[in-house]
Amino acid sequence: MNTFLEILESRLLAALTRAGIEQPAGFPVKVVAASDVRHGDYQANTAMALAKRLKMNPRELATQVIEALDVDDIAELEIAGPGFINFRIKPAAWSQKVGQMINDSRLGVGVVADPQNIVVDFSAPNVAKPMHVGHIRSTIIGDSLSRISRFLGHNVTTDNHIGDWGTQFGMVIYGWKNLIDIAAIEADPLQELLRLYRAVNLLCKEDEPIKDQCRDELVKLQNGDVENFAIWEKCVEVSKVGLNKIYDRLDVSFDHWLGESFYNKELEPLVKALETAGLARESDGALCVFSGEELPPKQDPFKEKRDGEWSDFPMIVRKGDGAFNYATTDIATVDYRLKQWNADKIWYVVDARQSLHFQQLFDVSKRLGCKADLEHVSFGTILGKDGKPLKTRDGDLPQLADVLDDAVKSARAVLEEKSGHLPELEKEELAKMIGLGSVKFTELSHHRSSDYIFDLEKMVALQGDTAPYLQYSFVRVCAIFRKLDEEISFDADGIQISDEGEINLARALTQFGEVLPTVLDGLKPNILSNYLLDLAKAFHSFFEACPVLKSEGEVRKSRLVLCELTGRVLQQGLGLLGIQVPERM
RNA sequence: GCUCCCUUAGCUCAGCUGGAUAGAGCAACGGAUUUCUAAUCCGUAGGUCACAGGUUCGAGUCCUGUAGGGAGUACCA
């Protein structure tokens, strides 16, 4: 089933041909949703742009176009302003489209013509430390982009590239050997690991010799020391259990958990190969990759301006002490993903502060022959109420688990107030759905590249542009069908869309298939979030203005179909954001 | 110093790759419930899109500059 957008675009293209109007190569012939419904439902601005290129009068050109334009079956046409071509969809066409949609399990969303193998790298917490609130962005954005890409027909592989081999293990092992509380590690391993990490971190800041000992423990681990390796394995094991608890609550899952340690064996040969290929050479005791000298210095991630001169800014792939770092692992990881998963695209859902690292990584990978499209899906920083970034190493960040608890608790309180009569068990489930939904929706309704202030009260606010507003729309749909005492067949027969409220809702519904694919244009889930808010608003207005059960005949049936579709689109759309819908609340 | 990002209503934010009179939510004010769940709806008010130039039929959006804020800047990830 084609969207109105697709239909109108192809008709427009045909009209240009028929009218003998030549388009310059690569000239976009586009129809877009009207900026204001007063002008219609769709608009084409091509005539104005085209007139400029062809040095014609735009209104005259628009007139020629609409004379050749055949859309009589679906829309009315007008030329407005300097040369806008406006389309107003006819009621019969709305009815027909809604009828098609009710018979379409994909709700009007097409499948991409050229499915890609997409690897999504997201979440990637460090082990031996519980996730804190800062991990929320990568986890939730990455999860929803994965779900959306999959639904659109791409072949998606999700990979949790956990930090299970970093420098922090020197400290953790030192702590394990010297400060461990056996009872605590059995009772709550993750909290005890965190305590150890914090304690040692503190000691290191004050005490140089302890810092050296930590480094020694790390070197021993990396050289295969049996005792340290066993401690490491234990740490990773209990950490994964803790991480999975959070992922279960968030309904997030991964196809793979290939962390840093997975690539250990590849690093030595990789670095050798880099040297042999002439890509890496020694500098100040470290082995470094330098610029490929193919870009102007300003765009070259391996150049930096110091004292007015462009000088080298290399990527270190082996440190002076012989150890490898995350750059090395990341290069190996790209290689693995290309070879094992035949990746066409790799998306790194990682904080914007690492953009320089990714520029270098992508450049090196290209030089190593990587043809895939590598993209840093960067996002802004979560700030404290003082407007400064929440630091990741100060140990004072709210833990993610606590934030989720608070969100659920706050949803529970509102539930008690508004729906105290519901059974205990159901209220508990609802509080989870609403609380976690709120946290996710807060994240996904912001533009990902902007910073935002972490404000729990706002996050779990249950009015306005929030998850509960959307969930409540679904509840209202369900309420109607609960009261409906006869069987209804959802088919296209006799659907009539005519009232303003019905048309507004039908318009919002049919836009689902037009909007969803555009999420992947900029990898921005907030486009879907905003769409769902628009849909919910249209539904609530419809709900107030158009009685469903009290209407009769074709009107009643049409309205029931609109309600059913609203429910399905809300459930599908929210599902793609990882948010569940309740039947009552 | 250099590179990149940000600045839109009192507050929090959208703005679909250059379109028509710049939109939501919160807060404020006024209305709607014998009617399918009022966690809702309808309305009022609120703007020099940081500032100054430029590009053109047309700029919140593109280019240049200025001011303010943030991030990054070789052995952390």
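What you see is a predicted model, and the numbers here were worked out from it, not measured in a lab. Here is how names work: the chains are called A, B, and so on, in the same order as the sequence lines, proteins then strands, and each is numbered from 1.
Side-chain proximity of Leu356(A) to rA20(B), rC41(B), rG72(B): nearest is rG72(B). Taking the side chain of Trp310(A) as heavy atoms from C-beta on, and the options rU37(B), rG58(B), rU3(B), the nearest nucleotide is rU3(B). Relative to the side chain of Glu304(A), the nucleotides rA39(B), rA74(B), rU73(B) differ in distance, and rU73(B) lies closest. Proximity note for Asp451(A) (side chain, C-beta onward) versus rA27(B), rA74(B), rG70(B): the nearest is rG70(B). Proximity note for Lys52(A) (side chain, C-beta onward) versus rU37(B), rG1(B), rG58(B): the nearest is rG58(B). The side chain of Val475(A) lies closest to rU37(B), out of rA39(B), rU37(B), rA74(B). Side chain of Arg353(A), nearest nucleotide from rA71(B), rC57(B), rA74(B): rA71(B). Closest to the side chain of Ser541(A), out of rG15(B), rC42(B), rA39(B), is rC42(B). If you check rU37(B), rA77(B), rA20(B) against the side chain of Phe84(A), the one that comes closest is rA20(B). In this structure, of rU73(B), rU37(B), rA14(B), it is rU37(B) that holds the atom nearest to the side chain of Arg476(A).
Note on Ala33(A): nothing from the nucleic acid sits closer than 4.0 angstrom, heavy atoms only. Using a 4.0 Å heavy-atom cutoff across all strands shown, Ser35(A) reaches at least one base atom of the nucleic acid. When heavy atoms are screened at a 4.0 angstrom cut-off, Ala479(A) is found touching base atoms of the nucleic acid. Heavy atoms of Leu549(A) sit under 4.0 angstrom from at least one base atom. Residue contacts for Asn86(A): at a heavy-atom cut-off of 4.0 Å it reaches a base atom on one of the strands shown. Among the atoms of the strands shown, base atoms are found under 4.0 Å from some heavy atom of Ser283(A). Note on Met315(A): nothing from the nucleic acid sits closer than 4.0 angstrom, heavy atoms only. Within the nucleic acid shown, His446(A) comes within 4.0 Å of sugar-phosphate atoms alone, with no base atom in reach, counting heavy atoms only. The residue Leu415(A) sits close to a base: some heavy atom pair falls under 4.0 Å. Ala49(A) comes within contact range of at least one nucleobase, with a heavy-atom separation under 4.0 Å. Nucleic acid contact for Phe481(A): none, since no nucleic acid atom lies under 4.0 Å from a heavy atom of the residue. The residue His540(A) sits close only to the backbone: its heavy atoms come under 4.0 Å of sugar-phosphate atoms, none of a base. At a threshold of 4.0 angstrom between heavy atoms, the contacts of Gly320(A) include nucleobase atoms, whether or not backbone atoms are also involved.
Shown here for Phe169(A) and Leu221(A), the closest heavy-atom pair between the two residues is CB-CD2, 4.0 Å.
Here rG19(B) presents its P atom at 20 Å from CD1 of Ile79(A), a figure rounded to the nearest Å. With rounding to whole Å, Phe543(A) atom CZ is found 10 Å from rA38(B) atom C1'. One atom, CG of Asn526(A), and another, P of rU17(B), lie 14 Å apart when rounded to the nearest Å. Here rA77(B) presents its P atom at 20 Å from CE of Met131(A), a figure rounded to the nearest Å.
Anti is the conformation of rU7(B), whose glycosidic angle sits further than 90° from 0.
The residue from Asp351(A), Asp451(A), Ile136(A) that alone fulfils the side-chain contact (heavy atoms from CB on, under 4.5 Å) condition with Ile382(A) is Ile136(A).
Side-chain atoms of Ser529(A) stay outside donor-acceptor range of the base of rA14(B), with no qualifying N/O pair under 3.5 Å. A donor-acceptor contact under 3.5 Å is not formed by the side chain of Asn325(A) with the base of rA74(B). Counting distance only, with no hydrogens placed and no angle test, the side-chain atoms of Tyr326(A) and the base atoms of rA77(B) include a donor-acceptor pair under 3.5 Å. For rG19(B), its base never sits under 3.5 Å from the side chain of Lys30(A) at any donor and acceptor pair. Side-chain atoms of Gln43(A) come within donor-acceptor range of the base of rA20(B), with a qualifying N/O pair under 3.5 Å.
A salt bridge links Arg559(A) with Glu502(A): at least one charged nitrogen is closer than 4.0 Å to a carboxylate oxygen. The existence of a salt bridge linking Glu544(A) and Arg476(A) is confirmed by a sub-4.0 Å separation between a basic side-chain nitrogen and an acidic carboxylate oxygen.
Straight-line distance between the C1' atoms of rG46(B) and rG30(B): roughly 15 Å, to the nearest whole Å. Going from the C1' atom of rU44(B) to that of rA9(B) covers 15 Å, rounded to whole Å. Rounded to whole Å, the P atom of rG65(B) lies 45 Å from the corresponding atom of rA28(B). Here, rG19(B) and rG1(B) have their C1' atoms 42 Å apart, quoted to the whole Å. The P atoms of rG23(B) and rA38(B) are separated by 29 Å, rounded to the nearest whole Å. For the C1' atoms, the distance from rU7(B) to rU48(B) is 15 Å, rounded to whole Å. Taking atom C1' on both nucleotides, rG15(B) is separated from rU21(B) by 16 Å, rounded to a whole Å. With C1' as the reference atom, rC49(B) and rC6(B) are 14 Å apart, rounded to whole Å.
Here rA28(B) sits opposite rU44(B) as a Watson-Crick or G-U wobble pair (both hydrogen-bonding atom distances under 3.5 Å). Look at rC4(B): its Watson-Crick or wobble partner, with both distances under 3.5 angstrom, is rG70(B). The nucleotide rU21(B) finds no pairing partner, because no Watson-Crick or G-U wobble arrangement with both distances shorter than 3.5 Å includes it. rA9(B): no Watson-Crick or G-U partner with both key distances under 3.5 Å is found in any strand. When Watson-Crick and G-U wobble pairs are counted only if both distances are under 3.5 Å, rU64(B) pairs with rA52(B).
The shortest distance between the side-chain N/O atoms of His447(A) and the OP1/OP2 oxygens of rG15(B) is below 4.0 Å.
Judged by distance alone, the side chains of Asn526(A) and Ser445(A) never bring a donor and an acceptor atom under 3.5 Å apart. In summary, the side chains of Thr139(A) and Ser123(A) do present a donor paired with an acceptor at a separation below 3.5 Å, with no hydrogens or angles considered.
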Could you walk me through whether Asn325(A) and Thr328(A) pass the side chain to side chain donor-acceptor pair (under 3.5 Å) check?
CA-CA 6 Å; Asn325(A) 60 6; Thr328(A) 334; 3.0 Å; yes

Would you check, one step at a time, whether the test salt bridge (Lys or Arg N to Asp or Glu O under 4.0 Å) holds for Arg482(A) with Glu583(A)?
CA-CA 10 Å; Arg482(A) 210 178 296 124; Glu583(A) 291 188 4; 5.4 Å; no

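Both Lys550(A) and Lys524(A) lie near RNA chain B, and the one whose nearest nucleotide falls closer to the 5' end is Lys524(A). Heavy-atom distances to RNA chain B give each of Gln354(A) and Cys288(A) a nearest nucleotide, and the one nearer the 5′ end belongs to Cys288(A).
You'll find the side chain of Ile141(A) reaches within 4.5 Å of the side chain of Leu145(A), heavy atoms only. Residues Cys288(A) and Arg281(A) have side chains not in contact (no heavy-atom distance under 4.5 Å, counting atoms from C-beta outward).
Under the stacking criterion of a centre-to-centre distance below 5.5 angstrom and an interplanar angle below 30°, His39(A) sits stacked against the six-membered ring of rA20(B).
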